[in-house]
Amino acid sequence: RGWQVTTRNMGTLKTESHDRTGQVTYQGLPPRLRVDRFLYAIEGSLRGIVRSQGETPEVTIDASEIEHGSVTCSVRW
């Protein structure tokens, strides 16, 4: 979903990764993406990426700023 957000001018995506952890931050999301189903899609995408590498994912989503267009996801594997 990250590439869709950025290529369709629907916000920005920032990533950071460290030893078996990562953080993905979406910013500038338009109101139509500030909904639960978008959060579920993000979580599913992140879980799928980690699983495709043969690892077990743990995904935590901080949507406390979603009304301002920002969501941060923490991923561990």
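Throughout, residue positions are numbered sequentially from 1 according to the sequence presented.
- Under a 3.5 Å cut-off, the side chain of R76 and the backbone N or O of T21 do not form any donor-acceptor pair.
- For S70 (side chain) and I66 (main-chain N/O), no donor-acceptor pair under 3.5 Å exists by modelled atom type.
- From T60, atom OG1 reaches atom CD of Q23 across 10.5 Å, with rounding to the nearest 0.5 Å.
- Among all heavy-atom pairs drawn from V50 and W77, the shortest one is CG1-CB, 3.4 Å.
- A salt bridge is absent between E55 and R51; no separation between the charged side-chain nitrogens and carboxylate oxygens falls under 4.0 Å.
- Distance check, rounded to the nearest 0.5 Å: OG of S52 to CZ of R47 gives 14.0 Å.
- With hydrophobic clusters built from ILVMFWY side chains whose heavy atoms lie under 4.5 angstrom apart, V35 shares a cluster with I42.
- Using a 4.5 Å cut-off on side-chain heavy atoms (C-beta onward), Q27 and H68 make no contact.
- Hydrophobic cluster membership differs between V24 and I49, with clusters built from Ile, Leu, Val, Met, Phe, Trp and Tyr side chains linked at under 4.5 angstrom.
- Here the closest heavy-atom approach between residue L39 and residue I61 is recorded as O-CD1, 3.5 Å.
- Closest approach of R34 to E67, counting heavy atoms only: NH1-O, 2.9 Å.
- Scanning all heavy atoms of the two residues, the minimum distance from C73 to Y26 falls at SG-CE1, 4.4 Å.
- Between V71 and D62 there is no side-chain heavy-atom pair separated by less than 4.5 Å.
- The line from OG1 of T72 to CD of E65 is 8.5 Å long, rounded to the nearest 0.5 Å.
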